[in-house]
Every structure is written in C-alpha cells, then in structure tokens.
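A short write-up of the structure that comes next.
So that the names make sense, note that chain A is the first sequence line, chain B the second, and so on, each numbered from 1.
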There are 2 protein chains.
Amino acid sequence: MAARDVSIRIPCSKCPLRDLECFRDFTEKEVEFLHEFKQGELTVNPGAPIVLEESNSPHLYTVLEGWGFRYKTLPDGRRQILNYVMPGDFIGLQSSVFEVMSHGVEALTEMMMCVFPRDKLWTLYTRHPTLAFDVTWLASREERLLDEHLLTVGRRTAIERVAFVIWHLYKRALSVGLASGNRLDLPVTQQHLADTLGLSLVHTNKTLKKLRANGCISVEERTVEVLDKSKLIEIAQAQEHEEGPRPFL
Amino acid sequence: MAARDVSIRIPCSKCPLRDLECFRDFTEKEVEFLHEFKQGELTVNPGAPIVLEESNSPHLYTVLEGWGFRYKTLPDGRRQILNYVMPGDFIGLQSSVFEVMSHGVEALTEMMMCVFPRDKLWTLYTRHPTLAFDVTWLASREERLLDEHLLTVGRRTAIERVAFVIWHLYKRALSVGLASGNRLDLPVTQQHLADTLGLSLVHTNKTLKKLRANGCISVEERTVEVLDKSKLIEIAQAQEHEEGPRPFL
DNA sequence: CGCGATTTTGAGAGCCGTCAAGATACGTGG
DNA sequence: CCACGTATCTTGACGGCTCTCAAAATCGCG
C-alpha cells in the first residue's frame with residue numbers, strides 16, 4: 001500500500017464542510033475538541049482501499065472530498081456494494097465497536113479525509129455528549145439508508161432499482177455540492193451499479209438503456225442528466241422526505 | 001389500537017436479560033439510572049403493530065421476551081422484512097434522531113418490552129457516557145446485521161439465502177435462549193421468510209423442500225431442526241465470527 | 001364439522017443471468 | 001502521431017432461475 005501522508009493542514013474551524021448548508025452549526029468548544037481529536041488529513045487515489053474487509057483499522061475518518069463505497073464480498077468473489085460515502089460521511093465506526101470491520105471501503109475518486117484515532121472516541125463520549133449524540137445520529141442515518149437499500153434490492157424490479165439509485169445518489173450529491181442543476185457526475189462504472197443493485201452487468205446496461213429511451217435520463221461519459229424528475233421518481237417508487245441539517249465529525 | 005397497559009413491575013435490577021450470558025454486566029449506578037429511565041413494561045399480542053411506518057412514536061423499547069420484525073413497504077404493498085428483533089434488541093432509535101420512523105415493527109409472538117420515554121434519551125447522553133456508548137454500539141450492530149442481510153439479498157442465490165437466514169436466526173436465537181440444542185422455534189410463516197429474502201412465497205417453499213431433501217434441516221410445525229450444521233454453513237456461504245458480551249438498555 | 005390461514009405442488013411465462021463478441025474509450029510506449 | 005493493450009460499454013442469443021397463476025392439501029380453531 002502506498003505511504004499515507006497524514007498531517008494537519010486544515011484546522012477544524014476552517015473545515016470546508018462548514019460552508020455547506022446541509023450541515024448543522026457547531027459551538028466553538030465543539031470545534032476546539034474536534035480539532036484536538038483530529039490527527040490529520042489523508043489523501044488517497046481513485047481505486048485505493050481505505051479499509052479492508054476483516055481488518056482492524058486504528059483510524060476513523062470523515063470524508064472531506066470525493067466519493068467512495070462500502071462493500072462486502074462472498075468467499076467466491078461476488079460483491080455487494082452496501083452504500084456510498086460522500087463528504088460529511090463517517091467511516092470506521094464499526095471497528096471501534098467490534099474491533100474488526102466486516103466490510104471494506106474503497107475510493108472511487110481521489111478522496112481527502114479527516115483522520116481521527118479510534119481510541120480517543122471514548123473521550124468524546126465523556127466530554128462532549130452533543131458530539132456523542134452526533135455519532136449515534138450518523139449511525140442511525142446509515143441504518144436508514146441501508147433499510148431503504150434493502151427494500152430496493154429485495155423488492156424493486158430492475159428498472160425500479162436503477163431509477164431509484166440514480167435518484168437517490170442525485171439527491172445526496174446535490175446536498176453536498178457534488179451535483180448541480182440536473183447534472184450528476186457519477187464516478188461509477190456500470191459494474192459498480194450492478195453490484196449495488198444485485199443485478200448483472202449486462203442487465204444493468206440494458207436497463208439503463210430503457211431509462212434513456214424513456215427520456216428519464218441522459219448519460220454522457222460519466223455524467224448523468226436527470227431529464228424528467230417526476231417520471232424518474234414515479235418509476236423508482238421513491239417517497240420524498242425532508243432532511244433537516246445534519247451533523248458530521 | 002388496543003389499550004396498552006404500561007406499568008413497572010420488573011425493576012431493572014431484576015431484569016430477566018441480566019441472567020443471559022451474552023450480555024455485559026452493568027454497574028449499580030447504570031442500573032439505577034436505567035430504572036429511572038424506564039417507564040414500564042408493555043405486552044402485545046402476536047401480529048400487533050409496535051410502531052408504524054412513517055409514524056412518530058414517543059417511546060423507545062427494549063425487547064424482554066418474544067420475537068418481532070422490522071419492515072418497509074412500497075406504495076403498492078410489496079413488503080421487505082429488514083431484520084428481526086429478539087430479547088435485548090432496541091427498538092425506535094431512528095425516531096429519536098429523525099422524528100419519524102421510516103420503518104414499521106410488528107410482533108410475531110406475544111412480546112414483552114421495556115418502555116423508555118424518547119425525550120429522556122438525551123439525559124442518558126449527558127449523565128451516562130457508558131450507556132450512551134452502548135446506544136451507539138447497538139446502532140452499529142444493527143448496521144452490521146443489515147450489511148450482511150444486504151449481501152444475502154443482493155448476491156446469494158435462493159438456496160443460499162434460505163440456508164443463510166435459517167443459520168443466522170438459529171445462532172441469534174441460541175444466544176438469547178430462544179433455541180436449544182439443534183432446535184429452533186421459528187414463529188414465522190413462509191411468507192415472512194419470502195419477504196425477508198426477496199423471494200416469492202412459492203419459490204421459498206420449494207427451496208425449503210430442497211434443504212429438507214438435502215438432509216440439512218427438518219421442519220415440523222413451526223420448529224426447525226438443524227440436522228447438518230456444516231453442510232448448512234457451506235451452502236449459506238456463512239462466515240463465523242466471535243461475539244463478545246454485548247450491551248442492552 | 002366448516003372456514004380461513006398456511007403449505008404444497010404443478011404448469012407455464014418471463015425477467016434476468018450467462019456467454020460471447022464487437023465497439024468504444026483511454027493511456028502508454030514506440 | 002500512431003499502435004496497441006486494457007477497461008468499459010453495448011448488443012444479441014440462449015438458458016434457467018424465479019415469478020405468477022391456479023388448485024389441492026393440510027392445519028388451526030371455533
């Protein structure tokens with residue numbers, strides 16, 4: 001694995017995430033503590049592993065820039081993508097609770113992350129209950145995303161699944177400034193989509209074609225344009241719900 | 001909905017869960033606080049709704065006895081079972097974080113639960129960081145179970161899925177005393193299994209038949225006997241991992 | 001004994017997977 | 001600037017796993 005350069009260049013008070021509307025405001029004391037908690041920044045290349053399945057990482061991460069994904073694999077290599085990580089998302093909580101991660105995380109684009117030492121998480125619980133609650137908040141949000149994903153893979157048809165992920169990723173990317181207007185820059189191959197949705201590569205490709213023929217979306221290079229939102233939502237059987245400001249670490 | 005009788009009859013110090021080996025020990029102060037936190041017990045009948053999708057329940061629950069399940073449904077009625085709840089499991093965390101639950105919970109057997117007021121969860125974070133960490137622990141465990149379930153539904157074949165869910169439920173039930181020896185009392189219809197695994201009822205039935213013909217399991221009434229553990233594990237492509245003592249509230 | 005819920009079985013259809021091959025894009029070295 | 005290898009995308013053909021439809025059998029219960 002390539003050497004990882006970890007050093008603090010960005011004080012938490014100037015964290016780029018603070019400029020985004022979707023995140024909650026923090027008190028000065030909270031930011032001070034987070035700055036103490038922070039070990040540095042880590043930058044990785046596209047395709048780089050961030051944590052390995054069954055590994056035991058001493059670090060926790062908050063994504064500052066870029067996309068990645070969480071996954072699990074079966075012994076024979078079949079892969080299931082569990083979720084995507086974007087700016088503001090927290091990586092590695094499971095390892096502080098169970099010692100080992102039961103899933104892996106891999107970068108899709110170049111990623112910059114904030115690094116925290118896992119063994120100091122406990123002091124966060126003793127000294128900053130508001131931040132402790134934030135950690136629980138983040139875990140609970142992940143749970144909700146997984147619930148929805150499970151419904152998608154278990155009960156939606158192929159075209160519903162594809163429509164749903166696109167809509168879902170579009171909304172998430174919008175909120176953190178990774179999409180603008182109707183355009184979503186998806187740093188993802190069709191194989192990734194297939195592994196996300198429990199479909200084969202070939203069928204994913206043919207389903208995307210239907211969605212293009214439909215006039216729902218257009219795709220060029222790696223960017224998707226949402227042409228007909230209401231039709232996409234209808235096909236996806238998606239139900240909208242408001243999101244208030246959310247925390248991050 | 002039937003009237004719900006809530007009153008404290010069991011002090012937390014005599015919580016039946018404390019006798020189970022799988023749970024961690026608590027300090028006197030922790031138990032004292034939990035007893036203050038506790039509002040009472042709630043008993044519901046098989047089939048009763050515990051929380052509804054999109055509802056806003058003011059309560060949190062810890063299961064003391066019985067089985068239930070979490071689920072989500074699509075507008076047209078297709079249902080996905082997300083996970084099962086058994087003694088020691090915590091219900092309703094999402095509602096303290098997002099105001100509304102995005103999933104429902106329903107009882108499979110008669111269930112007894114410990115009831116907590118949602119709005120006092122915050123004082124738990126301020127006064128008992130160890131318990132706060134336990135809440136995070138529980139959320140993180142749920143996340144891990146969902147990860148595994150997603151892999152099952154997304155990437156395992158029908159027979160692998162059925163084998164896996166039986167093995168999984170057997171292990172969980174064993175740890176809390178709901179299974180003994182090789183026998184698992186499953187209070188679940190084949191329709192429930194189908195909705196858990198993303199399969200149709202008919203195909204679930206035929207797949208169970210194969211597993212019986214295999215000599216892996218036998219089924220009579222609602223109890224499943226695991227006849228050949230290693231073959232079941234092999235078919236399920238399950239990977240064992242140790243579990244240390246876990247918390248509950 | 002009779003009715004509803006659940007389980008079982010068979011038949012046929014279709015959605016989706018696998019296999020295979022060609023097309024396109026992209027980076028690298030000559 | 002072109003050649004070439006690798007990764008990704010596309011398309012067609014075919015097979016099969018799983019679905020739907022339908023009906024019979026069994027079970028639970030009043």
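Following rounding to the nearest Å, Leu201(B) (CG) and dT8(C) (P) show an atom-to-atom distance of 10 Å. Distance, Gln190(A) CD to dT24(C) P: 15 Å, rounded to whole Å. Here the P atom of nucleotide dG14(C) and the NZ atom of Lys210(A) are 13 Å apart, to the nearest Å. For the pair Gln191(A) CD and dT10(D) P, the computed distance is 14 Å after rounding to whole Å. The CD1-C1' distance, from Ile159(B) to dC17(D), rounds to 12 Å in whole Å. Note: CD (Glu220(B)) to P (dG28(D)) measures 12 Å, nearest angstrom. When rounded to the nearest whole Å, the span between NZ of Lys209(B) and C1' of dA25(D) equals 13 Å. Going from atom CZ of Arg156(B) over to atom C1' of dT18(D) covers 19 Å, rounded to whole Å.
A donor-acceptor contact under 3.5 angstrom links the side-chain atoms of Lys206(A) to the base of dG12(D).
At dT8(C), one or more side-chain N or O atoms of Asn205(B) fall inside 4.0 Å of OP1 or OP2 (strictly under the cut-off).
Nearest nucleotide to the side chain of His203(B), out of dT18(D), dT7(C), dA22(D): dT18(D). Closest approach to the Ser200(A) side chain among dG17(C), dT9(C), dT10(D) is made by dG17(C) (side chain taken as heavy atoms from C-beta onward). Closest to the side chain of Arg222(B), from the set dT8(C), dT9(C), dT7(C), is dT7(C).
Across all strands shown, Arg212(A) has heavy atoms under 4.0 Å from sugar-phosphate atoms exclusively, and none from any base. Across all strands shown, Leu199(A) has heavy atoms under 4.0 Å from sugar-phosphate atoms exclusively, and none from any base. Residue contacts shown for Thr189(A) are limited to sugar-phosphate atoms, with no base heavy atom under 4.0 Å away. In this structure, Gly47(A) reaches neither bases nor backbone, as no heavy-atom distance under 4.0 Å exists between it and the strands shown.
Note that Arg144(B) lies in the cation-pi zone of Phe98(A), set by a 6.0 Å cut-off to the ring centre and a 45° limit from the axis.
Each of Ala158(A) and Glu221(A) has a nearest nucleotide on DNA chain C; the 5'-most of these lies closest to Ala158(A).
Here the rule is side-chain contact (heavy atoms from CB on, under 4.5 Å) with Leu150(B), and of Lys72(A), Arg70(A), Gln80(A) only Gln80(A) fits it.
When all heavy atoms are compared, the tightest approach of Gly88(B) to Phe248(B) is O-CB, 3.6 Å.
Thr152(B) and His149(B) share no side-chain donor-acceptor pair at under 3.5 Å. Defined by atom type and a distance below 3.5 Å, a donor-acceptor pair is missing between the side-chain atoms of Glu243(B) and Ser175(B).
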